[in-house]
Every structure is written in C-alpha cells, then in structure tokens.
Amino acid sequence: MSFTTRFAPSPTGHLHIGHAFSAWTAWRAAMEADGRFILRLEDIDTTRCKPEFDQVIFDDLIWLGLDWEEPVRRQSEHFEDYAKVLERLIALGVVYRCFKTRAEILEDIARAPHGMGEVYRGPADPMSADEEAERVARGESYAWRLSLDRCRDVLGARFGTMRFLDEIKGEQAADPDPLGDVILARKDVGTSYHIAVVHDDALQGMTHIIRGEDLFELTPLHVLLQTLLDLPTPIYRHHRLLTDAKGQRFAKRNRAATLKSMREAGMNAEDIRAKWGF
Ligand code: GLU
C-alpha cells in the first residue's frame with residue numbers, strides 16, 4: 001500500500017501557523033514518499049464548526065503550496081458511519097450509558113479510592129438494568145463511555161501495539177489507562193472525535209498519521225479502538241508544536257497568527273516557512 005497520510009483540521013476558526021506546520025509536515029512526508037496526501041474536515045461538532053471556514057482552509061493550504069486528493073471528506077456528512085461503529089462497540093459490550101452531568105462525574109472522581117487519579121473510571125454506584133431501561137424510556141439523554149475494564153475482559157491485557165515512525169520510540173503496548181473511561185458518543189453529537197478519526201483513518205487507508213504531539217496521549221486510545229474494531233494500526237509520528245515568542249502554543253483566537261491575516265498582509269509561503277523554520 002502506498003504511503004498515505006492526512007491533515008484533518010476542525011473548521012472552528014481560521015488556521016494558524018501551528019496548523020501550517022502540521023499540514024506542511026504531513027504533506028512533505030507524503031511527497032517525499034511519493035505517496036498520497038488527504039485533507040479531511042473534522043466537523044462533527046456542528047455548533048462549533050462553521051461551513052464558512054472550509055473555504056478559508058482550502059485557500060490557506062493552496063497559498064502554502066499544498067495539494068490534496070478530491071473529494072474532501074466532511075465528517076458531518078457521515079454520521080451514519082459513526083453510528084454503526086458505536087453499534088459494534090455496544091454489541092462487543094465495551095461501552096456503557098452514562099447519564100451523569102459533569103458535576104456528578106467530578107463527584108464520582110472525588111469519591112474514588114485514593115490513588116485512582118483525576119480521571120473517570122466508571123460509576124461508583126453502578127445503575128441497575130431496570131433503572132437504566134426506565135431512564136432510556138423517559139427520554140433522558142446520555143453519553144456512551146468506553147469501559148476499560150470491559151475492554152480487558154474482551155481483549156485480555158493487550159490493547160494493541162502503537163508503532164512510531166521515530167525509531168527511538170519504536171513499538172509500545174497501547175496503554176490508555178491514564179485516560180480512564182472516555183466518552184465515545186457525546187450527548188449532543190451522538191459520536192466523538194475518537195470514533196470518527198479511527199473510522200476515517202481506516203476507511204481512507206492511512207498508513208501514517210502525522211500530527212502534533214498534543215494528540216500523543218490519545219494515541220493509545222485510538223490504537224485500542226482499532227484493536228477492538230479489527231482495523232489496521234497506522235504508523236504514528238507526533239511532531240513538535242510551534243510556539244510564539246512567549247513560548248505559548250498558537251490558538252485560533254490569536255488573530256495575528258492566522259494564515260489568512262498573513263496572506264492578506266502580502267506574505268508568501270516561503271517567508272512563513274523561513275520565519276518559522278520549516
Ligand atoms: N481534528 C483534529 C484537530 O483539529 C486533528 C485530528 C488528528 O490529527 O488526529 O486537532
């Protein structure tokens with residue numbers, strides 16, 4: 001299979017210089033390997049993502065000198081695919097309904113035995129099947145969470161193997177334990193970044209995932225999902241994050257760092273790359 005990688009922004013605002021570095025790094029790797037580069041819009045959060053940002057993203061990336069395969073996949077057009085993934089996880093018995101509010105989750109975390117950390121590891125007071133059925137019948141909203149305990153029942157101790165492009169990191173057993181029982185289907189959108197990203201990376205034949213190191217801690221979870229769903233595990237590379245003069249990461253709200261503003265100020269892609277060293 002030829003080297004295939006992607007840039008997968010969420011159109012919640014304008015891209016900034018950090019995104020440019022990420023997109024460029026992935027695109028360059030694909031070009032150097034004579035491979036494929038895919039652009040995907042991760043817009044499942046339809047209240048935060050705005051279609052008007054899509055075109056700005058395309059314009060920014062063209063200005064940077066990138067090209068990609070058409071058509072661009074928009075995740076908001078594929079909720080049915082993600083619902084099917086959730087159904088499979090329900091059938092495997094590795095997810096559970098969570099009706100709790102954020103405040104109730106924090107209470108559960110606080111009540112958990114000492115040393116359980118700051119993450120949610122399931123309800124302190126599991127609900128009876130009758131109560132669950134009643135609450136569903138009443139139309140109460142709930143999220144679906146992944147149960148790491150039930151994953152252990154299904155998979156045993158092995159949650160899959162993470163493979164890294166960086167030879168020093170090599171291969172490592174996926175250990176999502178520090179994340180606890182994460183939400184896989186949000187109350188509001190019915191799915192999550194984790195389900196959509198794992199599904200689409202497999203569907204689109206990604207051999208390599210090149211993304212920022214801010215997403216490194218989520219990789220064990222993504223590899224666990226690939227293992228549960230019998231999907232191939234790509235090779236991962238997490239690149240450094242660019243920071244501003246104060247050492248702060250760029251944010252979409254920082255308007256001066258947006259590619260659109262740089263474009264409009266007459267800068268070109270070479271100036272940008274020379275200035276930021278990529
Ligand atoms: N959509 C994610 C973001 O905007 C990136 C997903 C990924 O690269 O896995 O941060």
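Read the numbers this way: they start at 1 and go in the same order the structure lists the ligands and their atoms.
Using a 4.0 Å cutoff on heavy atoms, Arg6 counts as a contact of ligand 1. For the ligand labelled ligand 1, residue Phe7 lies outside the 4.0 Å heavy-atom shell.
Using the six-membered ring where Trp is involved, His14 and Phe53 have ring planes that are perpendicular, over 60° apart on the 30 and 60° scheme.
Grouping Ile, Leu, Val, Met, Phe, Trp and Tyr residues whose side-chain heavy atoms lie under 4.5 Å apart, directly or via other members, places Leu165 in a hydrophobic cluster with Ile235. Residue Phe216 belongs to a hydrophobic cluster whose other members are Ile38, Met162, Phe164, Met206, Ile209, Val223, Tyr236, with links defined by side-chain heavy atoms closer than 4.5 Å.
Regarding atom 6 (C) of ligand 1, its nearest protein heavy-atom neighbour is Glu42 OE1, 3.3 Å. Ranking protein heavy atoms by distance to atom 10 (O) of ligand 1, first place goes to Leu215 CD1, 4.4 Å. At the top of the distance list for atom 5 (C) of ligand 1, counting protein heavy atoms only, stands Ala8 O, 3.4 Å.
Look at Asp149 and Arg152 and you find a salt bridge, because one of the NZ, NE, NH1 or NH2 atoms lies within 4.0 Å of a carboxylate O, short of that distance. In summary, Lys50 and Glu52 do not engage in a salt bridge, as defined by a charged side-chain N under 4.0 Å from a carboxylate O.
Close contacts of ligand 1 with Tyr193, meaning ligand atoms under 4.0 Å from a residue heavy atom, involve 6 (C), 7 (C), 9 (O). Close approach to Val197 involves these atoms of ligand 1, each under 4.0 Å from a residue heavy atom: 9 (O). Atoms of ligand 1 lying under 4.0 Å from any heavy atom of Arg211, numbered from 1 in the order shown and given with element: 7 (C), 8 (O), 9 (O).
The only option from Arg40, Glu69, Arg6 that meets the side-chain hydrogen bond (donor to acceptor under 3.5 Å, both in side chains) definition with Gln204 turns out to be Arg40.
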